[in-house]
Amino acid sequence: MTKLLLVETSPRGEASVSRTMSARFIAEWQAAHADGEIVTRDLAKDPLPYVTMDWLGAYFTPPQALTEDQKAQLALSDALVQELLDADEIVISSPVYNYNIPAALKSWVDHIVRKGLTLGFDGAGLVTGKKAKLIVASGGSYGPGSPIADRNIAPQYLRLILNVIGITDVSLIHGEKAKNVDMGETTMEAFVDSYAPQMKQLAADRHVNHHA
């Protein structure tokens with residue numbers, strides 16, 4: 001059985017382009033993985049705390065020396081890391097805010113990049129044998145010839161951080177010019193439909209279970 005972790009970010013609910021795109025992708029994935037399991041981490045419904053001085057103090061303490069209070073500081077982070085490690089595939093759905101990912105998603109990143117758990121002390125990524133799909137919706141367009149191509153930071157950053165922890169098989173579905181939906185220049189359905197072939201193809205990409 002293949003397990004997929006879906007990380008949702010947008011606070012816009014049904015008005016969210018990224019959420020509507022990820023819902024379509026998940027429907028395609030379920031059709032291709034009849035026995036698959038989906039775990040959802042919704043960062044808008046259950047916001048994560050930012051890292052604090054106490055959290056960092058626990059982070060830099062050797063596991064065997066952690067106090068009970070320090071263990072409590074890391075408990076949520078531990079759970080998020082385990083959620084990631086338990087998954088065969090990861091889907092991260094996010095809007096683009098000011099050319100980058102929202103703070104809610106950056107907080108998730110800060111909680112799951114953990115020395116000794118997802119990142120080796122030698123800097124090597126420990127999360128191997130997994131696939132990731134990025135579903136990003138941006139108001140602007142960053143394609144070839146775009147005057148803002150150098151500002152396409154959000155997907156680049158997500159791909160970078162996944163590579164850092166060991167996930168190198170990363171695919172991107174980038175919903176560009178999503179502002180056209182809000183401006184009424186296209187419908188949500190038509191916009192998402194334009195990415196349907198790409199979603200169907202990526203959803204059918206079978207994961208090879210390396211944990212067997």
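Computed from a prediction, not measured in an experiment: that's the story for all the values here. Worth knowing before you read on, the calculation uses all heavy atoms, side chains too, and leaves out hydrogens, waters and symmetry mates.
Residues Trp55 and Ser77 form a side-chain contact, since some pair of their non-hydrogen atoms from C-beta on lies under 4.5 Å apart. For the pair Val7 and Val91, the minimum side-chain heavy-atom distance is 4.5 Å or more. Between Leu105 and Leu158 the shortest side-chain heavy-atom distance falls below 4.5 Å. Using a 4.5 Å cut-off on side-chain heavy atoms (C-beta onward), Thr67 and Gln73 make no contact. Here the side chains of Leu84 and Ile165 are in contact, with some heavy-atom distance below 4.5 Å. Residues Thr186 and Lys177 form no side-chain contact, since every pair of their non-hydrogen atoms from C-beta on lies 4.5 Å or further apart. Using a 4.5 Å heavy-atom cutoff, the side chains of Asn180 and Phe191 are not in contact. With contacts defined as side-chain heavy-atom distances shorter than 4.5 Å, the pair Glu83/Ile112 does not qualify.
A salt bridge links Glu89 with Lys133: the closest approach of a Lys/Arg side-chain nitrogen to an acidic carboxylate oxygen falls below 4.0 angstrom. Salt-bridge formation is not detected for the pair Asp46/Arg41: no Lys NZ or Arg NE/NH1/NH2 atom is positioned less than 4.0 Å from an Asp or Glu carboxylate oxygen. A salt bridge links Arg12 to Asp182: at least one charged side-chain nitrogen sits closer than 4.0 Å to a carboxylate oxygen. The pair Lys3-Asp88 fails the salt-bridge criterion, with no side-chain N (NZ, NE, NH1 or NH2) lying under 4.0 Å from an Asp/Glu carboxylate O. With salt bridges taken as basic N to acidic carboxylate O contacts below 4.0 Å, none links Lys71 and Asp78. Comment: Lys130 does not engage Asp86 in a salt bridge, judged by the lack of any side-chain N to carboxylate O separation of less than 4.0 angstrom.
Following chains of ILVMFWY side-chain contacts shorter than 4.5 Å, one cannot reach Ile161 starting from Tyr59, and the two form parts of different hydrophobic clusters. At a threshold of 4.5 Å between side-chain heavy atoms, the hydrophobic network of Ile, Leu, Val, Met, Phe, Trp and Tyr places Val113 and Leu160 in one connected group. Cluster annotation: Ile92 is connected to Tyr99 through the hydrophobic network of ILVMFWY side chains, with a link wherever side-chain heavy atoms come within less than 4.5 Å. There is a path of hydrophobic side-chain contacts, each under 4.5 Å, that joins Val136 to Ile148.
In terms of heavy-atom proximity, Thr9 sits nearest to Pro102 at CG2-CG, 3.6 Å.
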Query raised in the report: Step by step, would you call Ile173 with Met21 a side-chain contact (heavy atoms from CB on, under 4.5 Å)?
Result: CA-CA 9 Å; Ile173 301 171; Met21 291 179 68; 3.7 Å; yes
Query - side-chain contact (heavy atoms from CB on, under 4.5 Å) between Thr2 and Glu37, intermediate numbers included - result: CA-CA 6 Å; Thr2 303; Glu37 178 184 352; over 6 Å; no
Query raised in the report: Under the side-chain contact (heavy atoms from CB on, under 4.5 Å) criterion, do Arg24 and Asp193 qualify, and how do the steps go?
Result: CA-CA 9 Å; Arg24 174 73 68 87; Asp193 279 350; 2.7 Å; yes
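A distance of 6.0 Å or more separates the ring centres of Trp29 and Phe25.
With Arg159 as the fixed residue, the side chain to side chain contact (heavy atoms under 4.5 Å, CB included) test singles out one of Thr168, Ile167, Val170: Val170.
Checking Arg19 against Ser93 by side-chain atom types alone, no donor-acceptor pair falls below 3.5 Å. Thr61 and Gln70 form a side-chain donor-acceptor contact under 3.5 Å, judged by distance and modelled atom types alone. Residues Glu8 and Thr40 have side chains that never bring a donor and an acceptor to within less than 3.5 angstrom of each other.
A distance of 9.0 Å separates OG in Ser171 from CD in Gln201, rounded to the nearest 0.5 Å. Distance check, rounded to the nearest 0.5 Å: OG of Ser94 to CD1 of Ile101 gives 6.5 Å. A distance of 6.0 Å separates CG in Leu134 from CG in Leu162, rounded to the nearest 0.5 Å.
Trp108 pairs by the ring-ring contact (aromatic ring centres under 6.0 Å, His included) definition with nothing, not counting sequence neighbours.
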